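Below, each value reflects all heavy atoms present in this structure, side chains not excepted, and no hydrogens, waters or symmetry copies. Letters A, B, ... are given to chains in the order of the sequence lines, protein chains preceding strands, and every chain is numbered from 1. If you're wondering where the values come from, they're calculated on a predicted model, not measured in any experiment.
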Number of protein chains: 2
Amino acid sequence: MTTRTDALTRREQILKEAARLFAERGFHGVGVDEIGAAVGISGPGLYRHFPGKDAMLAELLVGISGRLLTGAKRRLAEADPAAGPGVVLDSLIEGHIDFALDDRPLITLHDRELDRLRDSDRKLVRQLQRQYVELWVGVLCEVYPDVAEPSARSAVHSVFGLLNSTPHLGRPGSLPGRGVTAGLLHRMARGAFGAVAAE
Amino acid sequence: MTTRTDALTRREQILKEAARLFAERGFHGVGVDEIGAAVGISGPGLYRHFPGKDAMLAELLVGISGRLLTGAKRRLAEADPAAGPGVVLDSLIEGHIDFALDDRPLITLHDRELDRLRDSDRKLVRQLQRQYVELWVGVLCEVYPDVAEPSARSAVHSVFGLLNSTPHLGRPGSLPGRGVTAGLLHRMARGAFGAVAAE
DNA sequence: CCTTCAGGTTAACGACCGCTAACCTCCCTG
DNA sequence: CAGGGAGGTTAGCGGTCGTTAACCTGAAGG
């Protein structure tokens, strides 16, 4: 039991602030002193919780990829088999949008700082990402049986680009409301997928 | 007359290699010695061509934003007024796809390293980017008069995310051919825009 | 033939950064 | 009430990085 009520452990505080700082200024652009200052301790105190700066990034990226994948697997398993593949695709889109709207710094890190990882961690993250993509590709090919797999894969990557554009959509305050934005993104993703088949 | 035939000046060589390296490992992740080595000279020799490392990034980002904007303005001006706004939108999409496919490192830098710029340069780039976005928003609102401006702006940013996903689409060799990829992206962008109106 | 200058070179400086060492201070527990 | 570990602190080391200084060279031009 890591998290109890609403109180974040020091370790979770560090991860959250590190994610924000890494997203804002890049992994190499943030010093450990800044990360420490963001949680109220100073510099080397971080080494009581993490073996090094790299380990924070690794835990963030592995965590993101893992949560995306397990969430998608759960949605796939919980889907009503009689409802048809379109409903499953909608569920995947909804889950990804929730993540993109709630964890914007992590979305930014996700495809930006992967190359700063140690080889073993990078391979793990890439494997999780690939499984996630292939899961989408499988569902997409069920919804649109006429679409070839390579086209489906490209389409999935492109729609991820669309959904992950949330960091560019302005501050959460200036958005027209979370539900409205989510709906807009959902319709656009569906529209983009629907246009793949029309060749 | 900067470029003559096909020979790149030393200055252009440096910019090209710097763009590639910055895109691969991030601005802070690349040293001046590496940039120099990539063009066959060593380290501080770069300072005969640029006042500093920052200046290379600044010239790259200002160049990208400027070329995108002027290209879009040209397409808007050259469009046949009788052809209708849909054709203009297609022309904008086509231009952006050409850029995304031909200058993938610059696409990566475009929205990743903006914050590493000096204040004045960053303001200039942001202004160029904003003009580019507003130009798209204007055309989009002509094609879909029922779409409100804020929704149109969000939609444009999201479609940029979709079109700029080309760096994630695998190496140019593994793609099914430039024309096919361009067509796929174009249809998806159109499909995404078309789905905005259906609320 | 001498000068000039564009475009290189290497050496080195100063700042910064990740990390370690050494030490301190509560709080929990037998 | 000892004592030990969790979680801090500051000082400082070693390496890297951007930048400058000083010097070299080959080609153009009067």
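Between the CG atom of A:L21 and the P atom of C:dC17 there is a distance of 13 Å, given to the nearest Å. If you take CG of A:D33 and P of D:dT10, they are 10 Å apart, rounded to a whole angstrom. For the pair A:R116 CZ and C:dC17 P, the interatomic distance rounds to 17 Å; values are reported in whole Å. Note: NE2 (A:H28) to P (D:dC17) measures 9 Å, nearest angstrom. Here D:dG18 presents its C1' atom at 15 Å from CG of B:L57, a figure rounded to the nearest Å. Spacing between atom CG of A:L46 and atom P of D:dT9 amounts to 9 Å, rounded to whole angstrom units. Taking atom CZ of residue B:F50 and atom C1' of nucleotide D:dG18, one finds them 16 Å apart after rounding to whole Å. Atom OH in B:Y47 sits about 19 Å away from atom C1' in C:dA6, given to the nearest Å.
Here ring pair (Phe, Tyr, Trp, His ring centres under 6.0 Å) pairs that include residues 15-34 of chain B, with residues two or more places apart or in two chains, are B:F22-B:F27.
Under the 4.0 Å criterion applied to side-chain N and carboxylate O atoms, A:R75 and A:E78 are not assigned as salt-bridge partners.
Listed nucleotides: D:dT9, C:dT9, D:dG8. Nearest to the side chain of A:H49: D:dG8. Comparing atom distances between the A:K53 side chain and each of C:dG18, C:dA22, C:dT9 picks out C:dG18 as nearest. Minimum atom distance to the side chain of A:P44 is reached by C:dA21, of the listed C:dA21, D:dG18, D:dG8.
Across all strands shown, B:V30 has heavy atoms under 4.0 Å from sugar-phosphate atoms exclusively, and none from any base. Counting any heavy atom pair closer than 4.0 Å across all strands shown, B:G45 reaches a base atom. Residue A:G43 is classed as having no contact, given no heavy-atom separation below 4.0 Å to the nucleic acid.
Judged by a 6.0 Å distance limit and a 45° cone about the ring axis, B:R11 is positioned over the six-membered ring of B:F50.
At the phosphate of D:dG8, OP1 or OP2 sits under 4.0 Å from a side-chain N or O atom of A:R10.
By the 4.5 Å heavy-atom criterion applied to side chains, B:S65 and B:H110 are counted as neighbours.
When atom types are taken as modelled, the side chain of B:S165 and the backbone of B:H168 share no donor-acceptor pair closer than 3.5 angstrom.
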